[in-house]
Amino acid sequence: MDDVGVVSIGTYIPEKVMTSAELAEASGIPQSIIESKMGIYEKPLPGEEDHTVEMGVRAARVALDRASISAEEIDLIICIGEEHKEYPLWTAGIKMQHDLGAVNAWAFDTALRCGTAIMAIKLAKDMMIADPSIRTVLLGGGYRNVDFIDYSNPRTRFMYNLGAGGGAMVLKKGHRKNRVLATHMITDGSFSEDIVVTTGGTKNPVTKETLEQGLYQLDVMDPEGMKERLDQKSMANFIVCVEKALEKSGLTKGDIDYIAMLHMKRSAHHYVLGELGLSEEQSIYLDHYGHIGQIDQILSMELALEEGKIKSGDIVVLVSAGIGYAWGANVIQWGDA
């Protein structure tokens with residue numbers, strides 16, 4: 001009964017979009033570069049009612065409907081949404097519990113930036129194995145860190161792909177389909193203060209002056225230094241996480257049938273595929289979605305299932321990276337064991 005399987009997934013994507021032409025106008029970067037190198041044709045932006053928890057709730061309702069599971073059956077809700085949400089100093093998971101009517105569940109928030117979903121899948125599995133009372137877990141949350149992007153700041157250029165959306169996943173103990181196998185995580189705190197919102201914390205509280213200066217937005221303290229250090233580690237850590245997660249699962253790179261990756265520049269996406277010996281058909285490049293943080297892997301899986309890229313028996317790898325920096329990978333054996 002230690003098997004934990006994915007019962008269903010769901011996403012919510014806002015209707016509002018920013019096109020590559022609009023991003024080019026806002027940033028001063030040629031549209032051809034945005035499309036060919038940055039890999040963005042368009043990306044979703046939050047509408048007036050597309051709040052962080054609300055988008056997670058909408059995605060969760062999709063996942064529950066697909067699974068034919070009532071909210072009353074949920075034992076635990078782990079909120080995987082971003083810290084940037086409806087209110088500061090607020091437990092978002094409890095709001096999700098209330099809005100969904102999950103009266104028999106308890107809830108908490110967890111965060112590892114864009115690695116949150118990968119980490120939460122491991123967390124949910126480990127908690128279900130350790131606690132007999134936890135049998136059905138909902139992961140859900142939203143993302144709209146695009147609110148913190150200043151397109152006139154070239155230091156944050158690599159984050160111009162940020163978008164908005166929500167994602168959810170239902171996991172169940174004893175579910176022998178879509179089994180969650182192993183996970184491997186790496187964190188490196190030497191990057192922890194490279195990318196921050198400089199105003200709003202205890203070090204630099206919000207003032208009228210800091211708001212007027214736009215210091216409430218994401219910034220990179222030492223872009224050249226960070227890039228040099230990150231180039232030495234990031235892609236290598238992607239591959240290590242995948243290899244270690246596969247090894248823990250009793251598998252190798254040759255067993256991968258599909259890989260769900262976060263959105264990154266085209267060259268990096270192709271590099272990871274090449275290092276793993278995979279073709280472009282074994283993944284989906286999210287050039288019409290951009291980077292929706294920790295929702296990317298759930299979205300990639302949903303699109304792949306719709307397109308028939310994931311079939312019963314396939315080995316599916318989810319891989320992520322989050323500022324801080326954190327890297328992680330899950331292995332899922334889709335369909336029947």
Side-chain angles (χ1 to χ4, degrees), residues 1-10 56 59-60 63-64 66-67 69 73-81 93 96-97 102 104-141 167-187 241-251 255-260 262 294-298 300-302 305 310 312-320 322 326-337:
M1 294 296 290
D2 282 352
D3 284 337
V4 171
V6 178
V7 182
S8 66
I9 57 176
L64 291 172
R66 285 175 174 167
I69 288 178
E73 294 178 61
I74 302 170
D75 300 307
L76 172 64
I77 293 174
I78 302 178
C79 184
I80 60 171
M96 290 188 68
Q97 174 195 359
N104 297 310
W106 60 284
F108 67 91
D109 299 357
T110 191
L112 194 60
R113 300 291 66 79
C114 300
T116 304
I118 299 290
M119 180 265 287
I121 290 170
K122 172 177 171 53
L123 183 60
K125 178 182 177 181
D126 291 350
M127 290 183 71
M128 279 190 272
I129 291 172
D131 187 338
S133 70
I134 302 175
R135 301 191 57 82
T136 303
V137 178
L138 171 71
L139 312 181
M169 178 180 291
V170 178
L171 297 160
K172 197 172 185 67
K173 182 159 58 179
H175 190 70
R176 297 187 61 82
K177 290 187 176 183
N178 314 327
R179 292 186 308 138
V180 178
L181 303 182
T183 299
H184 190 77
M185 307 291 304
I186 297 172
T187 58
C241 284
V242 173
E243 291 176 339
K244 290 290 187 181
L246 287 165
E247 182 182 335
K248 292 176 184 178
S249 304
L251 301 165
D255 294 310
I256 302 173
D257 295 294
Y258 183 82
I259 186 164
L262 73 160
Q294 51 268 45
I295 308 305
D296 282 5
Q297 293 79 23
I298 298 173
S300 180
M301 289 176 65
E302 183 171 75
L305 288 165
I310 297 177
S312 182
D314 280 355
I315 297 299
V316 178
V317 173
L318 282 58
V319 63
S320 68
W327 298 264
N330 305 121
V331 180
I332 298 173
Q333 184 177 30
W334 200 260
D336 295 319

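Judged by distance alone, with hydrogens and angles left aside, the side-chain atoms of Asn178 form a donor-acceptor pair with the main-chain N or O of Gly335 at under 3.5 Å. Checking side-chain atoms of Lys248 against main-chain N and O of Thr183 turns up a donor-acceptor pair under 3.5 Å. Checked by atom type and distance alone, the side chain of Asp109 pairs as donor or acceptor with a backbone atom of Gly93 at under 3.5 Å. Side chain of Arg66 to main chain of Ile9: a donor-acceptor pair is present (N/O by atom type, distance under 3.5 Å, no hydrogens or angles).
Here Asp257 contributes atom CG and Ile332 contributes atom CD1; the two are 13.0 Å apart, rounded to the nearest 0.5 Å. To the nearest 0.5 Å, atom CE of residue Met119 and atom OG1 of residue Thr116 are 5.5 Å apart. With values rounded to the nearest 0.5 angstrom, Ser249 atom OG is found 10.0 Å from Asp255 atom CG. To the nearest 0.5 Å, atoms CD1 (Ile74) and NZ (Lys172) are separated by 10.0 Å. With rounding to the nearest 0.5 angstrom, the CH2 atom of Trp106 is 5.0 Å from the CG atom of Leu76. Here CG of Asn104 is found 11.0 Å from OG1 of Thr136. Values are rounded to the nearest 0.5 Å.
By the 4.5 Å heavy-atom criterion applied to side chains, Leu112 and Met185 are counted as neighbours. No side-chain heavy atom of Gln297 sits less than 4.5 Å from a side-chain heavy atom of Met169. Looking at Val6 and Trp334, their side chains come closer than 4.5 Å, going by heavy atoms from C-beta outward. Inter-residue side-chain proximity for Val317 and Tyr258 is flagged as unmet; no heavy-atom pair is nearer than 4.5 Å.
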Practice item. Run the numbers on Leu64 and Val170 for side-chain contact (heavy atoms from CB on, under 4.5 Å), then give the verdict. Key: CA-CA 7 Å; Leu64 291 172; Val170 178; 4.0 Å; yes

Check your understanding: What's the verdict on side-chain contact (heavy atoms from CB on, under 4.5 Å) for Ile118 and Trp327, showing C-alpha distance, side-chain angles and the deciding distance?
Key -> CA-CA 9 Å; Ile118 299 290; Trp327 298 264; over 6 Å; no

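In terms of heavy-atom proximity, Leu138 sits nearest to Ala168 at CD1-CB, 4.2 Å. When all heavy atoms of Lys173 and Met128 are compared, the pair lying nearest together is NZ-O, 2.6 Å. Counting all heavy atoms, side chain and backbone alike, Ala117 lies closest to Ile80 at CB-CD1, 4.2 Å. Smallest separation of non-hydrogen atoms from Gln97 and Ala107: OE1-CB, 4.0 Å. Nearest heavy-atom pair across His175 and Arg179 is O-CG, 4.1 Å. Listed here is the closest heavy atom pair of Ile295 and Gly167: CD1-N, 3.5 Å.
Of the options Val331, Val316, Asp3, Leu246, a side-chain contact (heavy atoms from CB on, under 4.5 Å) to Leu181 is made by Val331 and by none of the others.
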